[in-house]
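Heads up: numbering here begins at 1 and tracks the sequence. All figures in this text were calculated on a predicted structure; none of them were measured in a lab.
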Amino acid sequence: MHEPERAGLRVLVIEDQHDIAANIWDFLERRGHTVDHCADGVAGLARAMRGDFDVIVLDLGLPRLDGLDLCRQLREAGHGV
């Protein structure tokens with residue numbers, strides 16, 4: 001049996017400022033994308049490692065683990081998202 005086709009992308013937003021994250025979430029969701037959110041680098045890295053995301057919107061100035069280090073760790077683990 002075939003899986004139902006998704007219309008949009010699965011997006012992970014890693015952003016610590018609530019207002020910015022909410023605006024990005026609303027923008028993407030209104031265009032048919034599925035959105036998930038984390039508010040710090042450690043939680044974002046954990047979610048990115050176990051999730052099946054098409055796109056990550058990544059803030060560079062995150063608490064607990066900055067965006068550049070998060071990106072490096074994803075790459076080192078072989079994640080190409």
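- L74 places a side-chain heavy atom less than 4.5 Å from the side chain of M49.
- The shortest distance between side-chain heavy atoms of I14 and H37 does not fall below 4.5 Å.
- Checked by atom type and distance alone, the side chain of D16 never pairs as donor or acceptor with a backbone atom of A39 at under 3.5 Å.
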Next on the checklist: I'd like to know whether T34 forms a side chain to side chain contact (heavy atoms under 4.5 Å, CB included) with V11, so could you lay out the CA-CA distance, the side-chain angles of the two residues, the decisive distance to 0.1 Å, and finally the verdict.
Outcome noted: CA-CA 6 Å; T34 302; V11 181; over 6 Å; no
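- The shortest non-hydrogen separation linking G44 to L70 is C-CD1, 4.1 Å.
- In this structure, R31 satisfies the cation-pi test against F27, with its NZ or CZ atom closer than 6.0 Å to the six-membered ring centre and inside 45 degrees of the ring normal.
- Formation of a donor-acceptor pair under 3.5 Å by the H33 side chain with backbone atoms of L9 is found in this model.
- The backbone N or O of Q17 lies less than 3.5 Å from a partner atom in the side chain of E15, making a donor-acceptor pair.
- Here the options are I56, V35, I20, N23, the test is side-chain contact (heavy atoms from CB on, under 4.5 Å), and the partner is V13; only V35 passes.
- Listed here is the closest heavy atom pair of D40 and V42: OD1-N, 3.0 Å.
- Remark: side-chain polar atoms of R72 are not paired, donor with acceptor, to backbone N or O of E76 under 3.5 angstrom.
- One distance of note links SG of C71 with NE2 of H79; it measures 12.0 Å at 0.5 Å rounding.
- Annotation: the span from R64 atom CZ to L45 atom CG amounts to 10.5 Å, rounded to 0.5 Å.
- No continuous path of ILVMFWY side-chain contacts below 4.5 Å connects L58 to L68, so the two sit in separate hydrophobic clusters.
- Salt-bridge check for R47 with D36: passed, with a basic side-chain N closer than 4.0 Å to an acidic carboxylate O.
- Follow the hydrophobic side-chain contacts under 4.5 Å out from V55 and you reach L28 in the same cluster.
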